Amino acid sequence: MKFQCQTCKGTYVDPCEDSMLYFHVCPEGKIEGSLLDETRRFVPFSDRRNENMNTQTGKMESEGKGRKEVVG
Amino acid sequence: MALPTQISEVGKFVTDLDYLELRAFSSRNCTLEYSGEVVIEDGVRVFQQTQQVLTGDRLLKTGTHKLPVGLLTHWQCRIFTGSVRVGQVFVKANLVRVANEIRTRRAVLFSGYPDQSTDLVFPWGSLQPSLSGFGALRNVIGTMPAPGAEIVEISPTNAHWRVVGFRATLTTSADVADREVTLQTGALFGDKLIIPSPLVQKKSEVRMYHWMVNAPNYVGVGNHHVIFFPEYPGLAQQVTLQTHTEGLQALDEWSDVEINAREWIEI
């Protein structure tokens with residue numbers, strides 16, 4: 001199934017083609033604005049998602065803003 | 001207890017204070033089957049069997065199995081259900097004694113990677129560390145980030161990756177700027193190994209970057225750009241592999257993210 005992270009808007013497939021689980025993690029942020037009008041800037045993502053398992057809790061490190069299934 | 005006086009097998013004496021501790025880590029959904037034999041009083045052989053269901057999260061699953069008092073002559077682990085390759089399920093069987101509330105590991109019966117054709121056995125089996133062998137070769141399709149964002153991939157919890165290759169495509173917008181791409185590994189959002197592309201990518205270009213072990217730097221047809229890895233980057237658990245693009249613009253877009261790696265369970 002394909003998902004879109006609701007924090008960073010990245011898309012990914014989980015599970016992988018080899019049927020193993022995929023663990024998404026958000027980048028730090030993204031570039032917004034333009035060089036032309038000098039509005040280009042780095043905007044950090046707040047509430048980043050990290051799907052890796054925490055060995056102490058047995059749950060994912062951080063849910064972030066969740067994920068949604070997408071078609072395609 | 002009268003045990004037989006002539007026993008040809010190698011074994012471990014088991015008392016009522018002892019039990020088996022079955023520790024397993026798996027990157028695939030599967031069921032393990034453990035079985036063995038204990039010679040009890042008057043030389044009677046008692047068959048033992050238990051199962052352990054594993055999910056593919058690589059977290060530790062611990063099972064215990066109480067044995068009858070006697071001589072444990074044989075214990076084995078095999079894949080009961082699930083398509084498992086070497087490097088994907090790591091198992092360790094301990095014989096543990098609890099006396100006066102003190103827990104003592106009397107013996108490690110076996111440790112290693114069972115697969116479709118290989119069982120782990122006691123006695124005469126092996127004690128492999130989790131980073132032994134060739135690992136499982138994997139092809140991981142990564143996250144396609146939103147425009148203006150970098151690629152960040154992470155080695156999963158309790159996994160060890162030895163990266164063989166990393167591929168991604170950068171499509172640049174019409175914004176006039178030089179994009180200088182590097183691939184970096186490190187602790188979450190920290191930098192350690194940095195592998196730069198020797199070329200600059202201009203506006204409105206599509207370029208496919210292939211970081212590959214033992215491949216020379218060259219630009220191939222169709223804007224394929226091969227970049228040399230100095231060695232196999234080894235990533236312990238939860239270490240990132242990420243791009244850093246100097247001059248990245250808001251409408252630049254990374255896509256077709258693909259990692260080839262050998263993977264082990266690392267504990």
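Predicted model only: the values in this text are computed from it and were never measured.
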Query - Contacts of B:R85 that satisfy salt bridge (charged side-chain N to carboxylate O under 4.0 Å, His left out) - sequence neighbours left out - result: none

For [X], is the [atom1] atom crowded, meaning more than 12 foreign heavy atoms sit under 6.0 Å from it?
X	atom1	value
A:F42	CZ	yes
A:Q6	CD	yes
A:E69	CD	yes

Counting only non-hydrogen atoms closer than 4.5 Å, does [X] touch chain B with its backbone (N, CA, C, O), its side chain (CB onward), both, or neither?
X	result
A:E61	side chain
A:C16	side chain
A:Y22	side chain

Report summary line: Of B:G142, B:A159, B:P145, B:S173, the largest count of non-hydrogen pairs under 4.5 angstrom with chain A goes to B:G142

**Report entry** Sub-4.5 Å side-chain heavy-atom contact between B:P156 and A:N52
**Finding:** yes

Is it the side chain or the backbone of [X] that comes within 4.5 Å of chain A heavy atoms, both, or neither?
X	answer
B:D57	both
B:V257	neither
B:L248	both
B:S155	backbone
B:D252	neither

